[in-house]
> 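Before I ask anything, here is the structure I am working with.
Both backbone and side-chain heavy atoms feed into the values below; hydrogens, waters and symmetry mates do not. Below, chain A is the first sequence line, B the second, and so on; all start at residue 1.
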Amino acid sequence: MMNKTKGPTMLSSQGISRRSLLITAGVVGGGLVVGIPLMSGDEPPPPEMMSEHGGYIPNAFLQITPTNEIHFYQPRAEMGQGVYEGMTTLIAEELDVSPDTIIVHLAPVHPEFKRPGSPAQGTGGSTSMNAHYTHLRQVGANVREAIRQAAAAETGIAAASLIVSDGKVVGNNQEWTYGHFAEAAAKQPLPENAALKSPDEFRFIGTEHNRLDAWAKVTGEAQFGLDVDFPGLYRAVVKRCPVAGGTVKSVNTNAAASSPGVFKVVEIFNGVAVVAEHYWQARKAADLLEVEWYYPELANTSSAELRQQMENALEHDEGLEADKQGEGAAALSQSKQVIEATYWTPYLAHCTMEPMTCTVKIADGNCDVWVGCQVLEVAEGMAAHYSGVPRENVTIHSTFLGGGFGRRLIADYVAEATAIAKASDVPVQLVWSREDDVKHDRYRPVSLVKFSAGLDDNGKIETFVVRNVSPNTGAYFIDDSIEAAFQGTIPWSVGDWLSKRGYWLFENITVNGGVVEGLSGNYPCPNQEVRHATVDPGLPIGYWRAVGHSCNGFFAEGFMDELAHSAGQDPMQYRLENSTHSPRMQTVIKQLAEKSAWGNVAEGRYQGIAAHESFNTPTAQVIEISVDNQTVTIHKITCVVDCGLAVNPDIVRAQMESGIIYGLTAALYGEITLSNGAVEQSNFHDYPMLRMDQTPTIEVHIVDSQEHPTGVGEPGLPPVAPALANAIYTATGQRIRELPLNKAFKFS
Amino acid sequence: MISFTLNGETVSTDAPADAPLLWVVRDIFKLKGSKFGCGAGLCGACTMHLDGVAVRTCILPISAAQNKAVTTIEALGDRENPHPLQTAWVEHSVPQCGYCQSGQIMSAAALLATNASPTNEDIDAAMSGNVCRCGTYPRIKAAIHTAAKMQDESLGGES
Ligand code: FES
Ligand code: FES
């Protein structure tokens with residue numbers, strides 16, 4: 001596919017307004033051809049790019065200035081997972097310059113920044129490296145080739161005799177910069193399929209390189225959503241109904257409105273907002289609001305009843321079929337030995353380190369939004385709807401995200417901030433407290449699962465049946481996002497109506513993949529059946545790091561351990577024998593056995609193993625513990641991962657460590673409970689986080705591979721909880737089928 | 001009117017005595033490096049030094065800073081002239097999302113100022129008030145050891 005472009009390629013910002021640049025871009029034919037297969041080629045590059053730096057702009061990603069600056073618009077949200085470093089490395093490799101020499105920008109909304117293969121500019125699902133590995137290298141290679149061609153044309157030296165490397169073009173004993181040929185390159189067609197380097201030519205991919213965003217993040221310079229500031233900006237806090245979905249019945253604002261520093265008190269769609277000069281003033285005043293609420297149905301549910309409802313459903317509601325192989329559950333009756341077990345995990349909150357925040361300014365027919373979020377179009381649509389400003393006049397300014405983990409896929413905080421800015425008529429920065437964050441999250445769903453497995457005479461699995469009861473994450477995501485995603489295309493009311501259909505769809509017609517993923521599949525067998533029944537009290541849920549795998553890994557790998565013991569086999573060996581379909585997993589498990597010294601630990605130490613593939617990345621872990629008087633000490637976690645080619649092995653290790661620690665927090669402590677529909681937890685004292693003194697030694701090994709990279713942001717998480725529970729079983733004979741583990745054991 | 005020194009400079013503010021130091025520094029003096037994580041003294045994201053001691057400024061009323069020296073991450077060092085902890089942090093690629101790291105580094109700096117070669121246990125004790133949701137603890141620990149070594153070497157070189 002070829003896209004004709006796109007206006008001038010040499011632009012200087014001097015004295016030209018952004019609007020005139022846009023117009024110029026539209027009317028002046030530059031003759032530049034963008035050759036990479038882009039999603040949509042009709043839009044000029046983001047105006048930020050043109051107005052600020054000028055130079056050669058072959059596409060929305062890259063800009064080479066006559067002064068030889070290389071600017072890269074990094075298209076994915078940086079929330080800690082390392083795309084700032086990783087995406088830049090891909091570009092740098094094929095431009096053949098060190099990643100350190102590239103000036104990286106966080107991308108605004110633009111069609112070219114949609115994730116390849118996806119309709120949206122979203123970041124999640126451990127997809128970025130997999131989706132961009134070839135794509136961004138091709139972008140870099142094409143532009144390097146363009147510089148080479150332009151240099152050849154201008155110098156008369158044969159293209160093949162030119163060395164284009166490290167920002168310099170060298171030929172005939174002469175030397176120029178890439179930037180020297182920016183103007184000439186802009187006048188030529190952009191090569192389309194320039195040859196990519198072969199892996200043995202890589203200089204940066206596959207090597208360890210310090211994170212490019214590290215300096216900004218150790219000096220306090222990195223800008224997060226909360227750090228946005230400008231003269232005239234007010235701070236806002238929202239008082240919401242303690243039960244999600246409740247709305248304002250009546251409010252007495254007198255005391256709040258006359259509290260020091262308060263500018264305005266305004267009612268928005270889900271609560272009452274106090275707008276003040278400073279945050280602490282707004283927070284204090286919000287406590288003085290007297291609000292009566294219309295409570296939603298959720299107010300009738302507390303955690304104990306919910307558990308009861310789910311158990312009833314497990315018993316009586318056969319639900320929908322998600323998967324069936326062979327004879328399915330019917331085959332169970334033929335097995336010699338049938339093992340059954342029921343597992344449970346609670347709701348969880350994300351607790352990104354930076355609570356939700358968003359800054360909105362509505363002025364002169366424009367709406368400017370400064371925010372760190374995971375799906376930019378949804379944020380844009382929310383801002384357009386709640387500001388009343390046409391979508392094309394909404395600008396999203398991306399910041400670093402103080403953690404994402406799926407929480408910032410949802411743009412509820414953008415909607416709130418925009419509604420407040422609109423109602424109060426001043427620019428506002430909405431600041432959530434930690435209490436707001438813990439009490440008004442989109443939670444990881446609660447889940448109840450029953451396994452039944454039929455084993456043959458040799459203990460091999462012949463039939464595997466899973467019944468799952470939970471609410472449907474996908475339905476909430478659709479409800480939260482559809483109308484905003486399509487804002488401006490279909491009427492909001494129609495989008496809203498559509499967005500509510502997901503609940504019905506996943507309750508009656510088809511199974512929501514996100515809730516059953518990872519329940520089966522690690523160990524295929526002739527007869528399999530997975531069924532899902534919906535029980536949903538209405539607490540908003542969402543995507544939480546590793547999504548369905550976050551709990552299903554615990555269920556499936558805990559149960560696998562039970563099967564191994566029932567079959568009288570070594571749990572590591574048993575997994576190997578039942579995973580022959582996956583050579584990658586086989587390698588992972590074998591390496592893990594060796595690296596963890598499986599079965600060869602000191603007196604008083606015990607090991608547990610779990611192996612789970614998620615997001616196409618097989619990962620397995622062994623956890624070594626000791627137990628003294630119901631107190632567990634975790635000594636060491638050994639992790640082996642196969643993520644294909646590790647673009648930056650150090651970041652792969654960091655993501656494994658990160659997933660493990662995030663997973664350990666959930667395994668040990670994580671539990672959100674409801675009392676009359678309201679979340680009972682509020683801050684880190686009653687929703688604790690793992691801290692340094694509780695963090696064990698973590699050792700990560702990466703399988704050596706040249707295969708196309710797969711994701712690493714999430715796959716480190718699912719094996720943690722089951723490996724730990726399995727180790728506890730080895731040590732104590734006590735099988736734990738519920739999280740968090742601190743209900744049964746203490747942890748030192 | 002409350003006066004204190006902020007990164008070496010004398011400043012004063014008419015913010016009310018109970019306004020938290022964190023927000024005064026962020027929103028009145030516009031230094032955004034110190035972060036807000038819990039507002040309850042539970043996470044350390046807001047850590048600054050008050051007369052050299054690490055304090056949680058989200059719950060520290062501005063009145064407590066009267067006539068004292070407040071130091072924030074901005075004064076610890078920069079790219080050209082970094083504190084050994086910042087160099088070590090970069091070498092170990094410690095930051096992930098980065099949001100907790102100002103507070104982590106300020107806690108670590110207070111530790112190194114009184115304990116030039118901390119043990120793992122010393123580090124655990126000094127750093128366990130700082131939450132990192134991205135789980136960078138193993139790297140933080142390694143980086144503190146590296147920084148201690150760097151400091152030691154540079155002191156040795158000078159003597
Ligand atoms: S924000 Fe001060 S300790 Fe958490
Ligand atoms: S680096 Fe993200 S919270 Fe510490």
> Measure A/Glu221 against the heavy atoms of chain B and call it side chain, backbone, both or neither at under 4.5 Å.
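Only the side chain of A/Glu221 comes within 4.5 Å of chain B.
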
> For chain A, which candidate among B/Gln86, B/Arg139, B/Glu74 shows the most heavy-atom pairs at distances under 4.5 Å?
B/Arg139

> Quick one, B/Trp23 and A/Arg235 - any side-chain contact, counting heavy atoms below 4.5 Å?
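No; the side chains remain at least 4.5 Å from each other.
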
> Within 45° of the ring axis of B/Tyr137 and under 6.0 Å from its six-membered ring centre, is that where the NZ or CZ of A/Arg691 lies?
no

> I need the residue from A/Trp215, A/Tyr84, A/Trp280 with the largest number of non-hydrogen atom pairs under 4.5 Å to chain B.
A/Trp215

> When only pairs under 4.5 Å are counted, which of A/Gly82, A/Cys351, A/Gly403 shares the most heavy-atom pairs with chain B?
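Among A/Gly82, A/Cys351, A/Gly403, the one with the most close pairs to chain B is A/Cys351.
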
> Out of B/Ser93, B/Gly129, B/Pro16, B/Ala45, which one racks up the most heavy-atom pairs below 4.5 Å with chain A?
B/Ser93

> For A/Arg283, is it the side chain, the backbone, both or neither that has a heavy atom under 4.5 Å from a heavy atom of chain B?
neither

> Going by side-chain contact (heavy atoms from CB on, under 4.5 Å), A/Lys217 matches just one of B/Pro95, B/Ser102, B/Cys100. Which one?
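Among the candidates, only B/Pro95 passes.
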
> What residues of residues 52-65 of chain B sit under 4.5 Å from chain A when you count only heavy atoms?
none

> What do the steps show when you test A/Met689 against B/Arg133 for side-chain contact (heavy atoms from CB on, under 4.5 Å), and what is the final call?
CA-CA 7 Å; A/Met689 300 287 122; B/Arg133 192 57 169 139; 3.5 Å; yes

> Go through the atoms of A/Val431 and report whether side chain, backbone, both or neither lie under 4.5 Å from a heavy atom of chain B.
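For A/Val431, side-chain heavy atoms alone lie under 4.5 Å from chain B.
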
> Please evaluate residues B/Leu42 and A/Asn683 with respect to the criterion side-chain contact (heavy atoms from CB on, under 4.5 Å), reporting the C-alpha separation (whole Å), side-chain torsions for both, the decisive distance (0.1 Å), and the verdict.
CA-CA 8 Å; B/Leu42 298 167; A/Asn683 205 323; 3.7 Å; yes

> Please classify the contact between B/Ile105 and chain A as side chain, backbone, both or neither, with a heavy-atom cut-off of under 4.5 Å.
side chain

> With a 4.5 angstrom heavy-atom cut-off, which part of A/Glu435 approaches chain B: side chain, backbone, both or neither?
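Contact with chain B is through the side chain of A/Glu435 alone.
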
> Given heavy-atom pairs under 4.5 angstrom as the criterion, report whether the side chain, backbone, both or neither of A/His685 touches chain B.
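For A/His685, backbone and side chain are both near chain B.
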
> Got B/Tyr99 and A/Thr352 here, is their nearest side-chain heavy-atom distance under 4.5 Å?
no

> Apply the side-chain contact (heavy atoms from CB on, under 4.5 Å) test between A/Thr695 and each candidate in B/Ser128, B/Cys132, B/Pro138; give the one that qualifies.
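So, applying the side-chain contact (heavy atoms from CB on, under 4.5 Å) to A/Thr695 and each of B/Ser128, B/Cys132, B/Pro138, only B/Pro138 qualifies.
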
> Considering only heavy atoms, which portion of A/Ala222 lies under 4.5 Å from any heavy atom of chain B: side chain, backbone, both, or neither?
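The answer is the backbone of A/Ala222.
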
> Whether A/Asp693 and B/Lys141 form a salt bridge (side-chain N of Lys/Arg under 4.0 Å from carboxylate O of Asp/Glu) is what I want to check.
no

> Please tell me if the side chains of A/Thr219 and B/Ile73 come closer than 4.5 Å, counting only heavy atoms from C-beta onward.
no

> Less than 4.5 Å to any heavy atom of chain B: does that hold for the side chain of A/Thr665, its backbone, both, or neither?
side chain

> Taking only heavy atoms into account, what residues of residues 24-40 of chain B are found under 4.5 Å from chain A?
B/Val24, B/Arg26, B/Asp27, B/Ile28, B/Lys30, B/Lys32, B/Gly33, B/Lys35, B/Phe36, B/Gly37, B/Cys38, B/Ala40

> Under 4.5 Å, heavy atom to heavy atom: which of residues 118-125 of chain B reach chain A? Give them by number, or say none.
B/Ile123, B/Asp124

> Measure the shortest side-chain to side-chain distance between B/Cys97 and A/Phe405 over non-hydrogen atoms and say whether it is less than 4.5 angstrom.
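Heavy-atom side-chain distance check fails, nothing below 4.5 Å.
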
> For the interface with chain B, which of A/Gln281, A/Met692, A/Arg434, A/Gln223 has the highest count of heavy-atom pairs at distances below 4.5 Å?
A/Met692

> Mind checking side chain to side chain contact (heavy atoms under 4.5 Å, CB included) for B/Ala113 and listing every partner two or more places apart, or none if nothing turns up?
none

> With a 4.5 angstrom heavy-atom cut-off, which part of A/Leu401 approaches chain B: side chain, backbone, both or neither?
backbone

> State, to 0.1 Å, how close A/Phe224 and B/Gly98 come at their nearest heavy-atom pair, and which atoms those are.
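So the two residues come closest at CZ-C, 3.7 Å.
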
> Does any backbone or side-chain atom of A/Phe684 lie under 4.5 Å from a heavy atom of chain B? Answer side chain, backbone, both or neither.
both

> In terms of heavy-atom pairs under 4.5 Å with chain B, which of A/Gln81, A/Arg545, A/Glu85, A/Gln655 leads?
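If we count pairs closer than 4.5 Å to chain B, A/Gln655 comes out on top.
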
> Which bit of A/Met353 comes within less than 4.5 Å of chain B, counting heavy atoms only: side chain, backbone, both or neither?
both

> Please tell me if the side chains of B/Cys134 and A/Tyr662 come closer than 4.5 Å, counting only heavy atoms from C-beta onward.
no

